[in-house]
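I have placed the structure first, in the form of C-alpha coordinates, so that the comments after it can refer back to it.
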Amino acid sequence: MAKLANYNKKRDFKETGEPKGSIPKSGLKHKIDKTKKLRFVVQRHHASRLHYDFRLELDGVLKSWAVPKGPSLYPKDKRLAMLVEDHPVDYATFEGVIPKGNYGAGVVHIFDSGYYDFIEASDAKEFLRRFKSGTLKFKLRGHILKGEFALVRMKGQDDNAWLLIKHKDRYASDGPYNSEPLCLYFH
Ligand code: MN
(Lines give C-alpha, C1' and ligand atoms only; values in the text may rest on other atoms or scores of the structure.)
Protein backbone atom coordinates (compact mmCIF):
# COMPACT_ATOMS: atom_id res chain seq x y z
CA MET A 1 0.00 0.00 0.00
CA ALA A 2 1.24 3.47 -0.83
CA LYS A 3 2.53 5.46 2.08
CA LEU A 4 -0.17 7.30 4.03
CA ALA A 5 -2.96 5.65 2.01
CA ASN A 6 -4.31 4.22 5.23
CA TYR A 7 -4.15 7.65 6.91
CA ASN A 8 -5.99 9.31 4.01
CA LYS A 9 -8.61 6.58 3.75
CA LYS A 10 -9.74 7.12 7.34
CA ARG A 11 -10.32 10.86 6.91
CA ASP A 12 -12.56 13.19 4.97
CA PHE A 13 -10.49 16.32 4.36
CA LYS A 14 -13.58 18.36 3.51
CA GLU A 15 -14.59 17.81 7.14
CA THR A 16 -11.43 17.70 9.22
CA GLY A 17 -8.69 20.32 9.45
CA GLU A 18 -6.01 17.66 9.75
CA PRO A 19 -3.33 17.81 7.04
CA LYS A 20 -3.77 15.61 3.98
CA GLY A 21 -1.21 12.86 3.80
CA SER A 22 1.45 13.41 1.19
CA ILE A 23 5.12 12.60 1.19
CA PRO A 24 7.44 15.55 0.65
CA LYS A 25 9.75 14.97 -2.32
CA SER A 26 12.67 15.03 0.03
CA GLY A 27 10.94 12.47 2.26
CA LEU A 28 12.71 9.43 0.98
CA LYS A 29 16.05 11.14 1.20
CA HIS A 30 15.62 11.62 4.92
CA LYS A 31 16.42 8.06 5.67
CA ILE A 32 19.95 8.38 4.39
CA ASP A 33 20.58 11.99 5.30
CA LYS A 34 22.58 11.79 8.52
CA THR A 35 22.47 15.53 9.08
CA LYS A 36 18.68 15.77 9.08
CA LYS A 37 17.13 16.49 12.46
CA LEU A 38 14.22 14.19 13.12
CA ARG A 39 11.20 15.45 15.01
CA PHE A 40 9.04 13.95 17.66
CA VAL A 41 5.68 15.14 18.91
CA VAL A 42 3.25 14.01 21.57
CA GLN A 43 -0.33 15.13 21.10
CA ARG A 44 -2.96 14.89 23.80
CA HIS A 45 -6.03 13.64 22.00
CA HIS A 46 -9.28 13.95 23.86
CA ALA A 47 -11.35 11.67 21.62
CA SER A 48 -14.05 9.24 22.76
CA ARG A 49 -11.22 7.95 24.92
CA LEU A 50 -8.51 10.25 26.15
CA HIS A 51 -5.05 9.19 24.99
CA TYR A 52 -1.73 10.63 23.93
CA ASP A 53 -0.33 10.12 20.44
CA PHE A 54 3.40 9.59 20.41
CA ARG A 55 5.03 10.22 17.02
CA LEU A 56 8.57 9.89 15.70
CA GLU A 57 9.62 11.19 12.30
CA LEU A 58 11.13 8.36 10.30
CA ASP A 59 11.27 7.38 6.65
CA GLY A 60 9.37 10.49 5.51
CA VAL A 61 6.37 9.99 7.84
CA LEU A 62 5.50 10.14 11.53
CA LYS A 63 5.53 6.63 12.98
CA SER A 64 2.68 6.81 15.50
CA TRP A 65 1.56 5.09 18.68
CA ALA A 66 -1.56 5.77 20.75
CA VAL A 67 -0.62 5.74 24.45
CA PRO A 68 -3.77 5.49 26.63
CA LYS A 69 -2.07 6.64 29.85
CA GLY A 70 0.35 9.04 28.19
CA PRO A 71 4.13 9.00 28.41
CA SER A 72 5.85 8.61 31.75
CA LEU A 73 9.19 9.82 33.04
CA TYR A 74 9.23 7.10 35.69
CA PRO A 75 11.36 4.14 34.55
CA LYS A 76 9.19 1.59 36.37
CA ASP A 77 6.19 2.49 34.22
CA LYS A 78 5.69 0.51 31.08
CA ARG A 79 3.09 2.42 29.13
CA LEU A 80 1.07 0.52 26.56
CA ALA A 81 1.57 2.11 23.13
CA MET A 82 -0.58 0.86 20.26
CA LEU A 83 1.02 1.29 16.85
CA VAL A 84 -1.41 3.10 14.56
CA GLU A 85 -1.25 4.27 10.95
CA ASP A 86 1.65 6.44 9.77
CA HIS A 87 0.85 10.15 9.85
CA PRO A 88 2.22 12.88 7.57
CA VAL A 89 5.14 14.90 8.94
CA ASP A 90 2.90 18.01 8.78
CA TYR A 91 0.78 16.46 11.51
CA ALA A 92 3.48 17.41 14.03
CA THR A 93 2.09 20.94 14.23
CA PHE A 94 -1.61 20.04 14.14
CA GLU A 95 -3.82 21.22 16.98
CA GLY A 96 -7.55 21.70 16.89
CA VAL A 97 -10.93 20.09 16.92
CA ILE A 98 -11.71 17.08 14.76
CA PRO A 99 -15.45 17.48 14.16
CA LYS A 100 -18.04 15.07 15.48
CA GLY A 101 -18.73 12.06 13.29
CA ASN A 102 -15.18 12.00 11.93
CA TYR A 103 -12.37 9.57 12.62
CA GLY A 104 -10.74 10.54 15.92
CA ALA A 105 -13.37 13.19 16.64
CA GLY A 106 -12.31 15.31 19.61
CA VAL A 107 -9.68 17.82 20.64
CA VAL A 108 -5.96 17.62 19.82
CA HIS A 109 -3.32 19.61 21.70
CA ILE A 110 0.43 19.39 21.45
CA PHE A 111 1.74 18.12 24.79
CA ASP A 112 5.39 18.25 23.83
CA SER A 113 7.57 18.38 20.75
CA GLY A 114 11.19 18.61 19.74
CA TYR A 115 13.81 16.45 18.14
CA TYR A 116 15.15 12.99 18.85
CA ASP A 117 18.43 11.15 18.41
CA PHE A 118 18.97 7.47 17.78
CA ILE A 119 20.62 5.34 20.43
CA GLU A 120 22.71 2.44 19.14
CA ALA A 121 21.47 2.75 15.55
CA SER A 122 24.06 4.64 13.51
CA ASP A 123 21.61 6.08 10.97
CA ALA A 124 17.94 6.28 10.04
CA LYS A 125 18.19 3.24 7.83
CA GLU A 126 19.29 1.12 10.74
CA PHE A 127 16.73 2.76 13.03
CA LEU A 128 14.03 1.82 10.52
CA ARG A 129 15.28 -1.77 10.57
CA ARG A 130 15.02 -1.73 14.35
CA PHE A 131 11.49 -0.34 14.09
CA LYS A 132 10.61 -3.34 11.90
CA SER A 133 12.19 -5.73 14.38
CA GLY A 134 10.31 -4.13 17.29
CA THR A 135 12.94 -2.42 19.46
CA LEU A 136 13.65 1.30 19.32
CA LYS A 137 15.95 3.22 21.63
CA PHE A 138 16.18 6.97 21.33
CA LYS A 139 16.87 10.18 23.16
CA LEU A 140 14.21 12.90 23.24
CA ARG A 141 15.01 16.57 23.24
CA GLY A 142 11.67 18.09 24.18
CA HIS A 143 10.50 20.61 26.75
CA ILE A 144 8.93 18.02 29.05
CA LEU A 145 10.20 14.72 27.72
CA LYS A 146 13.97 14.50 27.79
CA GLY A 147 16.56 11.79 27.81
CA GLU A 148 16.50 8.14 26.89
CA PHE A 149 13.41 6.10 26.09
CA ALA A 150 12.62 2.77 24.48
CA LEU A 151 9.68 1.49 22.51
CA VAL A 152 9.50 -2.28 22.50
CA ARG A 153 6.98 -4.48 20.70
CA MET A 154 5.33 -6.96 23.04
CA LYS A 155 5.86 -10.58 22.16
CA GLY A 156 3.07 -13.06 21.58
CA GLN A 157 0.35 -10.45 21.58
CA ASP A 158 -1.32 -8.16 19.13
CA ASP A 159 1.48 -7.15 16.74
CA ASN A 160 0.57 -3.51 17.27
CA ALA A 161 1.04 -3.57 21.04
CA TRP A 162 4.29 -1.91 22.15
CA LEU A 163 5.55 -0.56 25.48
CA LEU A 164 6.95 2.93 25.97
CA ILE A 165 9.58 2.95 28.72
CA LYS A 166 11.76 5.70 30.18
CA HIS A 167 15.36 4.72 30.80
CA LYS A 168 17.08 5.68 34.03
CA ASP A 169 19.03 8.86 33.49
CA ARG A 170 19.19 12.33 34.99
CA TYR A 171 15.82 13.23 33.42
CA ALA A 172 13.98 10.27 34.92
CA SER A 173 11.45 10.86 37.68
CA ASP A 174 11.97 8.95 40.93
CA GLY A 175 8.30 8.43 41.62
CA PRO A 176 4.97 7.88 39.86
CA TYR A 177 4.40 10.24 36.98
CA ASN A 178 1.21 11.52 35.41
CA SER A 179 1.17 13.92 32.49
CA GLU A 180 -2.45 14.98 33.01
CA PRO A 181 -1.87 17.70 35.66
CA LEU A 182 0.44 19.39 33.15
CA CYS A 183 -2.54 19.56 30.82
CA LEU A 184 -5.00 21.37 33.09
CA TYR A 185 -4.90 24.43 30.89
CA PHE A 186 -6.17 22.36 27.97
CA HIS A 187 -9.53 21.67 29.58
MN1 MN B 1 -5.24 9.83 18.51
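Remember, predicted model here, so these are calculated numbers, not experimental data. Order of listing sets the numbers, starting from 1, for every ligand and every atom in it.
The closest side-chain heavy-atom distance from F40 to K63 is not below 4.5 Å. For the pair K3/V61, a side-chain contact is recorded, criterion being any heavy-atom separation below 4.5 Å from C-beta on.
Distances from the Mn ion (ligand 1) to each N, O or S atom of H51 single out NE2 as the nearest. The atom of D53 that is an N, O or S and sits closest to the Mn ion (ligand 1) is OD2. Per residue H45, closest N, O or S atom to the Mn ion (ligand 1): atom name ND1.
Under a 4.5 Å side-chain heavy-atom cut-off, the cluster of Ile, Leu, Val, Met, Phe, Trp and Tyr residues that includes V152 has no other member.
Ring centroids of Y52 and W65 are separated by 6.0 Å or more, keeping the two rings apart.
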